[in-house]
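The structure appears right after this line, and notes come after that.
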Number of protein chains: 2
Amino acid sequence: METAVAGLIQIKNIELCADYDFVMPLEHMSASEPSSKLKTVKASCQTCRLRDLCLPIGLAPDEIGKLDKLINRRQRVRTGQHIFRAGKPLHFLYAVRSGFFKAYEVSNDGIEQINGFYLGGELLGLDAIGSGSHQCSAVALDDGEVCEIPFDALETLVREIPTLQRQFHRILSREITADHSIMKLLGSMSAEQKLAVFLTSLSARFNMLGYSPTSLFLKMSREEIGNYLGLTLETVSRTFRKLQDDGLLDVQRRHIQIRDLKALQQMTEIGHCNH
Amino acid sequence: METAVAGLIQIKNIELCADYDFVMPLEHMSASEPSSKLKTVKASCQTCRLRDLCLPIGLAPDEIGKLDKLINRRQRVRTGQHIFRAGKPLHFLYAVRSGFFKAYEVSNDGIEQINGFYLGGELLGLDAIGSGSHQCSAVALDDGEVCEIPFDALETLVREIPTLQRQFHRILSREITADHSIMKLLGSMSAEQKLAVFLTSLSARFNMLGYSPTSLFLKMSREEIGNYLGLTLETVSRTFRKLQDDGLLDVQRRHIQIRDLKALQQMTEIGHCNH
DNA sequence: CGCGTCCGTTGATCAAAGTCAAGGTACGCT
DNA sequence: AGCGTACCTTGACTTTGATCAACGGACGCG
């Protein structure tokens with residue numbers, strides 16, 4: 001459990017990046033977001049430690065410079081704050097620099113549906129491009145930072161820099177393939193498999209960001225996990241228990257210690273699906 | 001039931017478009033596809049009746065001309081033929097001109113997962129952009145035609161024509177939002193709701209193409225519907241029965257006559273979801 | 001420090017959909 | 001025409017996970 005806590009701290013540390021001055025704190029989200037106190041700083045892909053995971057992959061230094069000029073600011077976001085809301089016009093895409101975000105929709109019957117969780121290096125707001133307004137809302141489940149990318153300017157730059165264009169298309173396409181995996185999960189996996197996929201996916205993403213792949217601190221509740229995986233919160237809880245009893249995990253509420261990552265990954269593949 | 005058959009015939013008619021000469025029949029898919037006899041013709045967006053649904057939306061006539069130059073051919077595809085296979089490198093995207101297509105993946109445990117069904121005006125192969133090779137296979141469930149769009153050339157043209165760029169990005173983004181709807185469906189709807197969504201979606205798409213929104217001829221088996229919706233084929237069959245007993249449908253195997261579209265659409269929204 | 005709230009756990013019960021099995025129907029092929 | 005196969009339907013039974021309910025621990029706040 002001490003290690004789990006260490007994992008947590010590590011996750012939080014990603015946002016520490018010394019070489020930027022804070023520009024004046026700014027009330028960004030006006031009336032509709034009374035609790036917002038988003039600090040903004042000049043963003044820089046040049047020195048961002050996520051530049052090999054994010055939009056700038058493969059860009060030459062001068063091209064990254066152009067991209068930097070376009071991304072005017074980096075925003076600090078506190079837990080519980082929204083970066084955008086469903087229905088609002090699309091002005092920016094948001095690149096996650098640090099923290100942990102949830103994208104969700106609320107249907108007119110008032111039921112929430114979580115579309116995904118987003119970590120460092122991932123892009124939020126792509127589903128808004130089709131209609132020009134955000135389909136989902138995005139909220140921080142942990143303190144973090146996002147880079148604000150003006151969409152129109154990005155499209156213009158994308159026309160100038162083929163490598164950037166290619167990368168942008170890749171990102172859009174990968175969002176599609178990721179959704180296809182989730183569709184497979186939702187349509188044909190048992191509760192146990194779903195949770196195994198969920199954990200191994202988180203594990204891999206944390207690992208990519210340089211954190212422990214086995215010591216996870218979950219930023220979301222059991223209910224949110226269940227919502228995302230098509231399960232009830234009780235089933236999520238019981239399934240965590242089951243995986244713990246089988247010796248695959250140590251579960252201490254939101255601190256998850258993966259004891260047997262191999263076995264978890266195998267559960268992901270093996271076809272004891274239903275249909 | 002006669003009307004259902006009429007619907008079917010109508011669907012097939014879309015591929016009749018008199019003003020193109022058939023170029024020589026061509027063995028397109030070489031060794032791996034022994035049954036292929038794909039005839040190809042010069043494609044033309046200019047005169048395509050789907051130009052307001054497809055990639056050329058909003059383009060000026062001269063811009064459509066440029067797009068035409070790039071899309072070198074239109075291919076006839078017979079029922080059961082593949083247009084591409086998972087694992088093959090991405091050379092082309094395919095715009096459906098007519099017919100009915102299924103995109104699916106087979107995981108290494110041999111289980112098929114259907115990602116979607118594609119009708120006229122829709123684009124196949126978008127999930128290949130991320131990795132550069134096709135993630136899924138695409139097969140015709142009915143005779144039809146597809147336009148072959150060289151992806152590299154498309155990216156180049158997209159850089160030249162902002163309107164085309166915008167439209168391409170919209171299409172990619174809409175694929176994402178469509179997948180999100182399916183995720184919601186898979187994660188939180190009852191069998192009855194799933195089928196209602198499935199039918200109303202098909203109905204709307206047929207309608208958009210100019211066909212009857214109430215008289216559907218399904219090109220896929222119960223098993224394929226179930227696979228897509230996260231149900232077994234038996235449940236699909238029973239649920240069709242239930243909807244028929246409730247007076248919403250007439251079901252004659254694959255001929256579906258929608259008796260109460262309004263009611264079907266309402267089932268789609270109402271929140272007797274589970275979690 | 002003590003209280004209240006939120007979140008997670010656990011148990012008992014129930015229902016929806018999966019599984020297994022047995023026909024039935026349409027359609028293509030010889 | 002007759003046969004065979006693939007697909008669909010229907011029934012009986014089982015199972016997984018949802019639902020309802022009670023409780024317990026952690027944390028924040030007065």
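Residue numbers start from 1 in every chain, and the chains themselves are labelled A, B, ... in the order their sequence lines are given, proteins ahead of strands. Not measured: the values here are computed from a predicted model.
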Does [N] have its OP1 or OP2 closer than 4.0 Å to a side-chain nitrogen or oxygen of [X]?
{"X": "A:R254", "N": "C:dG8", "result": "yes"}
{"X": "A:R222", "N": "C:dT9", "result": "yes"}
{"X": "A:R253", "N": "D:dA26", "result": "no"}
{"X": "B:T235", "N": "C:dG18", "result": "yes"}

Any N/O donor-acceptor pair, B:Q252 side-chain to D:dC8 base, under 3.5 Å: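 No.
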Does the C:dC20 base have a donor-acceptor partner in the side chain of B:E234 within less than 3.5 Å?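 Indeed there is one.
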Cation-aromatic face contact B:K102/B:Y104, 6.0 Å, 45 degrees: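 Yes, a cation-pi geometry holds between B:K102 and B:Y104.
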Looking at the rings of B:F117 and B:Y228, which for Trp means the six-membered one, are their centres under 6.0 Å apart?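 Between B:F117 and B:Y228, the centre distance is under 6.0 Å.
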Below 6.0 angstrom between ring centroids: does that apply to B:Y94 and B:F84?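 Yes, close enough.
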By nearest heavy atom, map A:K194 and B:S221 onto DNA chain D; which one lands nearer the 5' end?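 The residue closer to the strand's 5' end, by nearest nucleotide, is B:S221.
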Could you pick out which residue, B:E223 or B:R238, lies toward the 5' side of DNA chain D when each is mapped onto its nearest nucleotide? B:E223
Would you indicate which nucleotide in C:dC20, C:dG18, D:dT9 comes nearest to any side-chain atom of B:T232? C:dG18
Given side chain to side chain contact (heavy atoms under 4.5 Å, CB included), test A:E122 with A:R205 step by step and report yes or no. CA-CA 10 Å; A:E122 298 170 351; A:R205 285 152 81 195; 3.1 Å; yes
Rounded to whole angstroms, how far apart are NE2 on B:H255 and P on C:dA26? 11 Å
